[in-house]
Each structure stands twice: as C-alpha cells, then as structure tokens.
Amino acid sequence: MSLSHDAVYKLVRRIPAGRVATYGQIAALTGFPRHARQVGYALAALRGGDDDVPWHRVVNAGGRVSPRAEPGYEDYQRILLEAEGVEFDEQGRLSLARFQWRPEAA
DNA sequence: AGTTTGACGCTCC
DNA sequence: CGGAGCGCCAAAC
C-alpha cells in the first residue's frame with residue numbers, strides 16, 4: 001500500500017478557496033507522513049488542463065510556492081492564490097498561520 | 001538490481 | 001535569514 005495519486009487529488013479537492021495546505025500535510029492526512037515528495041509527484045502528473053484539482057492551493061512547509069522548472073509557474077500559482085484572497089509578503093511568502101487549511105475534525 | 005531524479009522537509013552552518 | 005547538506009520514498013533509467 002502506498003500513497004496513490006487519487007488519494008492526493010481527493011484530499012486536495014477538499015481544500016477550500018482562500019486556504020492552502022502543505023505537501024507534508026497532505027501526505028500526513030493520507031496516512032503517509034514522510035511522503036511529501038510523492039504528493040508533489042501526484043500533482044505534477046496533472047496536466048495543466050485539470051482544473052478539477054486546485055493544485056495551486058498546495059505549497060511547501062515554508063509557505064512558499066515550490067519552484068518548478070518552467071519559468072513563470074511560481075508567479076502563476078501565486079496569482080491564482082491571490083485571486084482567492086491569499087496574501088503574500090515581499091518575500092513571496094504567505095502566512096501558514098493565517099491561511100493553512102485545517103481539515104474539519106469530523 | 002543499482003543509480004538518478006525530483007511540485008518536499010528539517011537541521012546545520 | 002540565506003544557503004548547503006542530508007534524509008525520505010517512489011518512479012524512471
């Protein structure tokens with residue numbers, strides 16, 4: 001048993017607009033605490049056309065948009081988040097304390 | 001089957 | 001606070 005892409009997508013879809021989650025958080029929620037990277041892979045497997053999954057609401061533990069090979073993608077993700085009300089500081093960082101998604105304990 | 005490669009994360013410096 | 005190093009885990013070579 002391992003972290004499936006499907007499990008990741010299902011969880012990411014639950015992140016409400018204006019909130020973000022970290023790779024490690026998603027991994028932990030799926031029951032695989034050390035699989036943060038795998039979460040990244042799952043999202044990478046998405047084509048750009050998959051607006052079904054709000055991949056942009058997933059950032060790294062530092063509250064920063066994870067750098068990707070393609071130039072401009074960080075900005076793109078940031079734009080999407082700002083459009084939802086997430087604020088970034090001068091360092092291109094957001095406050096996890098304020099915007100991190102907390103799954104309902106139900 | 002061994003090595004390389006990452007949308008990560010934490011510790012050290 | 002910025003950068004480097006190392007651990008992690010699955011997938012691609």
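Here is how names work: the chains are called A, B, and so on, in the same order as the sequence lines, proteins then strands, and each is numbered from 1.
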Could you give the CG-to-P distance, from A/Asn60 to C/dG2, as a whole number of Å?
-> 14 Å
Length of the CZ-C1' vector between A/Arg57 and B/dA7, whole Å | 16 Å
Among residues 23-39 of chain A, which contact DNA chain C at a heavy-atom distance under 4.0 Å?
-> A/Arg34, A/His35, A/Arg37, A/Gln38
Contact class for A/Ala44 vs. all strands (heavy atom < 4.0 Å): base, sugar-phosphate, or nothing?
-> base
Quick one: are A/Val58 and A/Tyr23 in side-chain contact, heavy atoms under 4.5 Å?
-> yes
Donor-acceptor under 3.5 Å (A/Arg64 side chain, A/Gln91 main chain) | yes
Kindly indicate whether the side chain of A/Leu94, heavy atoms from C-beta on, has any atom under 4.5 Å from the side chain of A/Asp89.
-> no
Determine, for A/Glu84 against A/Arg19, whether the closest basic-nitrogen to carboxylate-oxygen distance falls under 4.0 angstrom.
-> no
Within a strict 4.5 Å, meaning less than it, do heavy atoms of the A/Arg57 and A/Leu81 side chains meet?
-> yes
To the nearest Å, how far apart are A/Leu3 CG and B/dA7 C1'?
-> 14 Å
Atom CE of A/Met1 to atom P of C/dC9: distance rounded to whole Å?
-> 16 Å
To the nearest angstrom, the CD-P distance between A/Glu70 and B/dA7 comes to 10 Å
Basic-acidic side-chain contact under 4.0 Å: A/Glu82, A/Arg78 | yes
